[in-house]
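Everything below concerns the one structure shown next.
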Amino acid sequence: MIVRILGEGTYDVPDADIPAVEQLDAALADALERGDEATFSGALADLVGLVRHTGKAVPPDDVRTSELAVPHPGSSLAEVRDLLAQGS
Amino acid sequence: MSVTKRLSAILQAKANKALDKAENPTEMLDLSYEKQQENLQKVRRALADVTTAKKRLELQASQLQGQAQKLQDQAKQALAQGQEDLAREALTRRTGLADQLQSLGTQHEQVEAQQQQLENTSTRLQAQVDAFRTKKETLKASYTASQAQANIGEAVSGISESMADAGMTLDRAQDKIAQMQARAGAIDELINTGALPDALGGGGDDIQRQLDATSQAGQVDAELAALKAEVGPGAPAPGLPAGAEGTPGAGEPGAPPAGGTP
């Protein structure tokens with residue numbers, strides 16, 4: 001599955017690793033909802049790490065669309081909340 | 001709900017919106033190419049802004065370090081003059097500076113992360129623009145074939161997603177740059193008014209004024225003593241040539257000999 005890390009590019013993550021991605025994604029959403037900055041930062045860093053580690057970086061001239069978009073590494077909870085508000 | 005899915009949907013919506021104006025696939029290719037170049041320019045400008053912000057932070061840190069050193073010297077000088085309270089005040093302000101310096105350090109790290117991210121975006125966009133330039137001509141040349149149309153759709157949606165990402169990254173960088181510039185402006189103002197050591201007020205370098213006043217008083221005393229030694233007891237009255245000392249009745253009122261007290 002193609003996963004984009006905002007500001008960084010896309011990675012081709014093997015299907016076998018997607019459940020782990022989804023798990024961290026859920027932790028991220030949960031921390032966001034509770035306004036738990038520390039857990040949020042930890043989950044985001046883990047998620048970014050997981051995608052970078054398990055995925056294969058897609059070259060810039062290969063412009064396949066992605067299915068998931070991970071927030072900019074190091075984003076604050078408020079920043080991500082603002083980004084998501086753009087969609088509502 | 002999943003954060004990454006929601007973000008992805010927002011990204012796609014932005015990507016689609018960017019190409020709404022195009023009426024046919026060929027136009028879409030050209031429009032997309034134009035947008036990529038615009039984006040690349042914007043990223044480069046933001047990168048220049050970030051670099052400027054970084055330099056400014058570095059300059060401020062060195063100014064603050066200079067002030068901290070100065071306060072340290074002032075504390076020493078005050079102690080040498082026996083003014084312990086003044087020394088304490090100088091050291092207290094120095095502590096305030098250390099906090100500011102630490103916050104500048106954090107900001108410097110943030111600005112470096114921004115710089116890194118924008119450089120990364122810039123490199124990636126450049127590679128995309130280069131690759132897309134060739135691709136779009138090939139696609140245009142064969143666009144009558146239905147397969148080619150599908151290819152165009154694919155190429156364009158991929159590239160516009162990437163552009164939407166660059167746009168979001170730019171927005172984020174610009175917010176950070178604006179915050180940083182506002183803070184840097186505030187710190188510059190503090191440095192310029194000399195009020196930084198104690199943000200609570202009492203601007204100006206009053207410590208230096210007190211030190212100077214004390215050392216000035218000391219210097220006046222020393223000069224006075226030197227003058228006294230030179231003139232000796234029974235100074236001449238002013239207005240008379242040297243050597244005419246002791247002329248009776250020459251001393252006008254209001255002109256006592258220099259040095260009333262020892």
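Letters A, B, ... mirror the listed sequences (proteins, then strands); counts begin at 1.
The OG1 atom of A:Thr10 sits 12.0 Å away from the CD atom of A:Glu67 when rounded to the nearest 0.5 Å. The CD atom of B:Glu137 sits 7.0 Å away from atom CG of B:Asp30, with the distance rounded to the nearest 0.5 Å. Note that the OG atom of B:Ser103 and the CG atom of B:Leu57 stand 9.0 Å from one another [nearest 0.5 Å]. Between A:Arg4 atom CZ and B:Met168 atom CE the span is 10.0 Å, to the nearest 0.5 Å.
For the set B:Ser2, B:Ala13, B:Ala164, B:Ala127, the entry with the most heavy-atom pairs within less than 4.5 Å of chain A is B:Ser2. Comparing B:Val129, B:Asp165, B:Thr169 by how many heavy-atom pairs each has under 4.5 Å with chain A, the most go to B:Asp165. Note: B:Lys14 leads B:Gln126, B:Lys14, B:Gln12 in heavy-atom pairs under 4.5 Å with chain A. The candidate from B:Ala131, B:Ala113, B:Ser162 with the greatest count of non-hydrogen atom pairs under 4.5 Å with chain A is B:Ser162.
For A:Pro59, no part lies under 4.5 angstrom from a heavy atom of chain B. Only the side chain of A:Leu47 comes within contact range of chain B, with heavy atoms under 4.5 Å apart. Residue B:Arg124 touches chain A through both its backbone and its side chain, counting heavy-atom pairs closer than 4.5 Å. At a 4.5 Å heavy-atom cutoff, B:Gln110 makes no contact with chain A through either its backbone or its side chain. Both the backbone and the side chain of B:Ile159 come within contact range of chain A, each with at least one heavy atom under 4.5 Å from a heavy atom of that chain. Neither the backbone nor the side chain of A:Val21 comes within contact range of chain B; no heavy atom of the residue lies under 4.5 Å from a heavy atom of that chain.
Side-chain atoms of B:Leu91 and B:Gln72, non-hydrogen and from C-beta on, do get closer than 4.5 Å to each other.
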Practice problem: Applying salt bridge (Lys or Arg N to Asp or Glu O under 4.0 Å), run through B:Asp130 and B:Arg133 and close with a yes or a no. | Solution: CA-CA 5 Å; B:Asp130 292 345; B:Arg133 186 171 35 231; 3.1 Å; yes
Quiz item: Would B:Arg93 and B:Glu89 count as a salt bridge (Lys or Arg N to Asp or Glu O under 4.0 Å) if you check the C-alpha gap in whole Å, the side-chain angles of each, and the deciding distance to 0.1 Å?
Solution: CA-CA 6 Å; B:Arg93 290 184 193 183; B:Glu89 175 64 24; 2.6 Å; yes
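Neither side chain, A:Asp82 nor A:Gln86, offers a donor N or O lying under 3.5 Å from an acceptor on the other. A side-chain donor-acceptor contact under 3.5 Å links B:Arg172 and B:Gln117.
Listed by sequence position, A:Ala29, A:Leu32 are the residues of residues 29-44 of chain A in contact with chain B, using a 4.5 angstrom heavy-atom cutoff.
Under a 4.0 Å N-O distance rule, the pair B:Glu109/B:Lys54 does not qualify as a salt bridge.
Side-chain atoms of A:Glu8 do not come within 3.5 Å of backbone N or O of A:His72 as any donor-acceptor pair.
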